[in-house]
Amino acid sequence: MQERYDPAVVERAAQDYWNAHDAFAAREIPGREKYYCLSMFPYPSGRLHMGHVRNYTIGDVLARFMRAQGRNVLQPMGWDAFGLPAENAAIANGMPPAKWTRENIDYMRRQLKSLGLAIDWSRELATCDADYYQWNQWLFLRMLEMGIAYQKTGTVNWDPVDMTVLANEQVIEGRGWRTGALIEKREIPMYYLRITDYADELRAALDDLPGWPERVRAMQANWIGRSEGVELSFPHDADTAHVLGERGGALKVFTTRADTLFGVTFVAVAAEHPIALAAAKHDAKLAGFVEKCRRGSTMEADLAVQEKKGLPTGLHVKHPLTGERVPVWVANYVLMGYGEGAVMAVPAHDERDFAFALSHDLPIRTVIKSANGAYDTVQAPWLGAYAEPGVTVDSGEFSGLSSVQAVARIAAVLQSKGLGAKRVQYRLRDWGISRQRYWGCPIPIIHCVKCGAVPVPDEQLPVRLPEDLVPDGSGNPLAKLPAFYECNCPTCGGAARRETDTMDTFVDSSWYFLRFACRDQPDAMVDARADYWLPVDQYIGGIEHAILHLLYSRFWTRVMRDVGLVKLSEPFTHLLTQGMVLNHIYQRPILNGRREYVNPTQVTVQVDEQGKRVGATTADGRQVEYEGLGTMSKSRGNGVDPNSLVEKYGADTARLFMMFTSPPEQSLEWSDEGVQGSFRFLRRVWKAVHEHVAAGPVPTLEAMPLDDALKDLRRVAHHTLAKVTDDIGRRHVFNTAIAAVMELLNALGKHHDNSPAALAVHQEALEIAVQCLAPIVPHITHELWRELGHTGALIDEPWRKADESALQQSLLEVVVQVNGKLRGRVSVPAGADEEVLRTAALAEENVQRFIAGAAIRKVVVVRGKLVNIVV
RNA sequence: GCCCUGGUGGCGGAACUGGUAGACGCUACGGACUUAAAAUCCGUUGGCUUUGCGGCCGUGCCGGUUCGAUUCCGGCCCAGGGCACCA
C-alpha cells in the first residue's frame, strides 16, 4: 500500500473501475424497491460552479447511501439546453447557439465525471435534441385539443433588452428576471396554458406533500393565492347600457367583503375594462388617462406606492340590493388581470378605496363597527379605514350581524336574485409560453390566411429548429428565414406561414424527470418504465426554483396524467432545497472613483487578540475593504473554480468539505482553511489504514477476548455506524455524520495496542469508518476497502447494521444535579434501578456539599441519564 | 402590510422526544520533532473568578410552565427570504 495519499491516482483508479463495470446503469427490476434520486439538471453555461458541485454531491451521497441500503437506484443527468444565454453568446462570438451549447455540454460533462458521481450516463438527454422537444410539441397539440392551450392577444411584459415576452413570474419588481431591465407593456398574440384550471388542485395537494419544506409549500400557496368571496353584479343603468350598446347587462365585481356591500359609494374599474374603453370613446380626457395607464411604463412595484389616480366615467350602475345609483370610476389601482377587473369601492372599510375617496371627494359610509362599537371611520376619518371584520350597521335587514354571518346572508340573498354567488378567486394567472426567440422549442402551429391558426399534424412532428443560425440581436432570426416559416396549410394546402415563436424554456424542464425513465423510447413521450421509476423519491435543487419550475412541473405532470400518459399527480415526493455557496467579498478604490474587487485568496485578514476581524490587506500591504458574504460570481471576484479545487486536492476533498461545513439546506461559507482541514482528515484516514495494514495479518474478531479499552473502542465504532445511518438516511444531515466518523478516528488514534485482539477490533472499526464515509468520499474509500483486504468492490457492499451487543455498556456515567445545576457525576452498573442511582447520587462528594444541612424535597431520577436532587 | 425562516464561543456549526450547552472542524496561542521551513504530533481555547478542588454568569430581549428550558407557551427586538394596490 502507498504510504502517501495521492488523490489523483486513487480517483482515476476508482472511476476506471466503475466505468469498466458499468456500475451505475439502472435497470427496472419489478418487485425491488426503487429510489429515484434527482438533482436539478444544469443549464450548460460553460463551466460548473460551486453551487452545482454542492447540488450534485448531495444527490450523490443519498443515491450511494440508498444503493447500499438495497434500493434500486436511478440517478440520471441531463441538460436544460435551450435559453437566452446561448443566443447572447452567439451574438458575442458569432457562433450558432447549437454549437456553443453542445461544446459547453461536452466540457461540463467531463467536469461532472471528475466528481465521481454515481450517474447512469446512458440516460443523458439535452432539451435541445429534437427527440426530446418533439414531445413538448406533441403534448402542446393535445393541450390545444383539450382546450388547455389557447391563443389570446393580451397585454404582455416586454423585456426591451432581450426583446422578448416574459411570464408574470419572470418579472421581478417590474424588471426582467434575467436582464434586470424595466419592463414595458405590449399587445402580442400568444399561446397560454390554463394552469388556472388546476389552481385548486395544485393548492390543495400541497397539504399532501409532507416531504417538502414548509417554506416552499407556503411560497406556492401564496403564489396560487386562493381567496373565498362573492362575485356580484351591479346592473347597468340605462345610460351605461346605451354607451355599451346593449340591454340589461351588469358590471361584475369580486369581493371578499360582501358584508360591506351597503358601504359601497362607487365602483372602480381598471383602465383596460370594457366600460372604461367605451366611456373613453366620448371623453378625450378619460381616453388620455386610459391610454397612459395601459402604456404603463409604470412598474408594478411603483404602483403599490403610487398615488391613487382616476377619473369618473360619467356612467352609473345600480346597487344590487338597494337599487341606488352608483358612479363608475376608472382607477389606476384596479388590476385588469385579477377577478373581474372591477371592484366595489367601500371607502370606510378598505384602505385603497379610502385613499381614493379622500382625494376625489367621494362619500364615505360606515357599515361595520368593531365588536365593541368603538370604531367609526366617518367620525374618525384621520384614523383611516376600518378594514377589520366586525358587526354590520346601517345595512338594512342585514344590520347587527357579524361579518361572517353577513357575508353568508348577503350572498344567499344575492344568489336568490340572480345577482351574485359565492366564488373562489385565485391570484395565479394562465401561463404564457410564447417567446419571440430563436433558441427554443418551436410552437407547432401554421398560420393560414384562410383557415387561421392550424395545428401541425402529428405525423409532421417534430417541427425542427434549424441549428445553424446566428442571431444578430434584433428580433427573432426564425422570422427572417423563409426556409423555416414558408409552408403549406395542412387543412387547405395553400401557402401559409409557420409560427416562429418558441416555447418558454420552463416547458422543457417541466417533464424531463419523466423522460429519464425511458429516454430511448422513440414512439411515445413516456412508457411503462415511467410508472416504475416515478415519482422522484428525492429531488434536490436551489430555492430559487421554489415557485416557477416546481409549480409548472406539478401542473405539467397533471396534464400528462389527464392525457392518460402517467398515473401520478405529484412528481416529487421529497424535496431538498440546498443553500447557496457564499464567499467573502473584498474590494478597494482604484483610480477615478471606481472600485476593484479582490479575490479572497489574495487577502490576508488581520485579527485582534479575540480573533475578531479588524482589517485586511493584499500581499503588497494595501488595505482592502470587507463587503461581507455573497454568492460566488465573476463580477464580485470571489469565485472558486471547481476544476482547480479538484486538481489540487481531489474530488473527495471537495465533496467532503461541502458536506461537512454546513447542513445541506443552509448556506455554505467558503473557507480555504476548511478545504485544507477536509484534505487533512482524508490523509489521516489513509494513514490510519496504512499503519493498520502494515502491522501484519489480522485475526478474526470472533472468540477474541476483549479488555475494557477494546470493548469501548468497539462500542464507539458501532455507535458511529448507527449514528451515520440515521443522519444520512433519515435526517439528511451529513455534517454530523462526518463529525461522528472523525470522533471514531480520534478514538482509534488514541488507542495504542498491537495485540491480536486490538488488530481485530481496529480492522472492524476501520471498515466501519470506510463504509460510513463511502457515500461522501467514494474514491478514497474504494481504494481503502481493497487495502483492508476485500476482493469485492465497496460500491457493491451492502450497508452493515450496528451490533447491538457491542453497544452495551457495563458501567454508565450518570449526571447528578442539585436544583437543576450540574454538581457531579457517578458511575453505576448499566441496569441499576432508581434506588441505586439515588443512593450513589446522594453520596457523591461535591453533591454532599450542596445538600448538607438542607431538606431534600424531591429526587428526580432519569434512568441511565441523570439524577436531580431538589432541596 | 401578510407569509416563511433564522438569532448559540473569535468563526462554520452540534445538542434529534424538555435532561451534562458548545460535539466535530477551523482559527489563534503554547509545546515536541527539524539546521530551518513545510508536513506531522501533543496541549490550551465562552466570559469572570479561584494557588487548586471549585464557584458565578452565559444560547437576541422580557415574562410564564417545569424538579429541570437552546428546546414548550405568551409578548417583543433584530436579520434574511417570499408575496404585495390581488379587492
Side-chain angles (χ1 to χ4, degrees), chain A residues 172-173 213-223 225 227 229 253-257 260 268 300-306 308 331-335 337-346 350-353 355-356 387 425-429 543-544 546-547 605 607-613 657 660-663 665-678 680-681 683-684 687 723 726-727 730-731 733 735-743 746 749 813-825 845-846 849 857-862 865-871:
Chain A
I172 295 145
E173 290 179 6
E214 174 59 36
R215 66 172 170 154
V216 174
R217 288 189 285 161
M219 279 160 74
Q220 291 219 350
N222 230 323
W223 189 261
S227 299
V253 303
F254 175 78
T255 181
T256 55
R257 293 298 303 275
T260 65
E300 298 217 359
D302 282 351
L303 281 176
V305 288
Q306 188 177 290
K308 305 278 179 285
N332 65 350
Y333 70 92
V334 182
L335 303 174
Y338 184 78
E340 302 295 331
V343 300
M344 57 175 229
V346 185
D350 181 280
E351 304 217 357
R352 295 151 301 179
D353 299 343
F356 192 85
Q425 175 68 42
Y426 295 95
R427 205 193 73 103
L428 184 70
R429 317 224 171 139
I543 186 68
E544 66 273 20
I547 299 173
V605 176
V607 292
D608 64 12
E609 311 140 353
Q610 299 252 296
K612 276 193 175 159
R613 180 195 306 268
F657 168 71
F660 178 61
T661 304
S662 324
E665 311 234 54
Q666 282 179 39
S667 58
L668 181 149
E669 281 179 37
W670 193 263
S671 142
D672 286 316
E673 293 78 18
V675 173
Q676 282 162 29
S678 294
R680 200 148 49 218
F681 174 66
R683 212 158 43 190
R684 280 181 55 213
K687 204 175 134 196
K723 176 160 176 60
D726 189 52
D727 280 355
R730 179 179 65 88
R731 299 174 66 206
V733 285
N735 53 336
T736 51
I738 295 163
V741 182
M742 286 174 168
E743 285 183 80
N746 289 344
E813 190 175 70
V814 168
V815 166
V816 185
Q817 298 178 333
V818 178
N819 286 342
K821 290 198 174 179
L822 176 66
R823 297 301 179 193
R825 294 155 207 272
E845 194 184 340
N846 196 42
R849 290 172 36 191
R857 282 182 26 216
K858 189 176 178 183
V859 178
V860 180
V861 179
V862 182
K865 274 222 164 133
L866 89 149
V867 178
N868 188 15
I869 302 158
V870 187
V871 298

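Numbered from 1 within each chain, the chains take letters A, B, ... in sequence-line order. Hydrogens, waters and symmetry mates are skipped; everything else that's a heavy atom, side chains included, is used.
Between B:A69 and A:K821, no contact under 4.0 Å exists linking OP1 or OP2 to a side-chain N or O. For B:U40, one of the phosphate oxygens OP1 or OP2 lies less than 4.0 angstrom from a side-chain nitrogen or oxygen of A:R683. A:R427 has no side-chain polar atom (N or O) that falls below the 4.0 Å cut-off from OP1 or OP2 of B:A87.
One donor-acceptor pair, N or O on each side, does fall under 3.5 Å between the base of B:C16 and the side chain of A:R730. The base of B:C3 does not come close enough to the side chain of A:R217 for any donor and acceptor atom to sit less than 3.5 Å apart.
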### Summary
In 5'-to-3' order, the base (B), backbone-only (S) or no-contact (-) status of each nucleotide in nucleotides 20-27 of chain B, using a 4.0 angstrom heavy-atom cut-off, is B--BBSSS
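Helical stems in RNA chain B, defined as runs of 3 or more consecutive Watson-Crick or G-U wobble pairs with donor-acceptor distances under 3.5 Å: B:1-7 with B:77-83, B:10-12 with B:24-26, B:28-32 with B:40-44, B:46-49 with B:54-57, B:60-64 with B:72-76.
With rounding to whole Å, A:M344 atom CE is found 15 Å from B:C86 atom C1'. Taking atom OH on A:Y426 and atom C1' on B:A87, their separation rounds to 17 Å, with Å as the unit.
Nucleic acid contact class of A:P663 (heavy atoms, under 4.0 Å, all strands): sugar-phosphate only.
Judged by distance alone, with hydrogens and angles left aside, the side-chain atoms of A:R257 form a donor-acceptor pair with the main-chain N or O of A:A387 at under 3.5 Å.
The side chain of A:K687 lies closest to B:U40, out of B:G12, B:U40, B:A87.
Remark: the separation of the C1' atoms in B:C73 and B:U66 is 12 Å, to the nearest Å.
Residues A:N819 and A:N868 share a closest heavy-atom pair of N-OD1, 3.5 Å.
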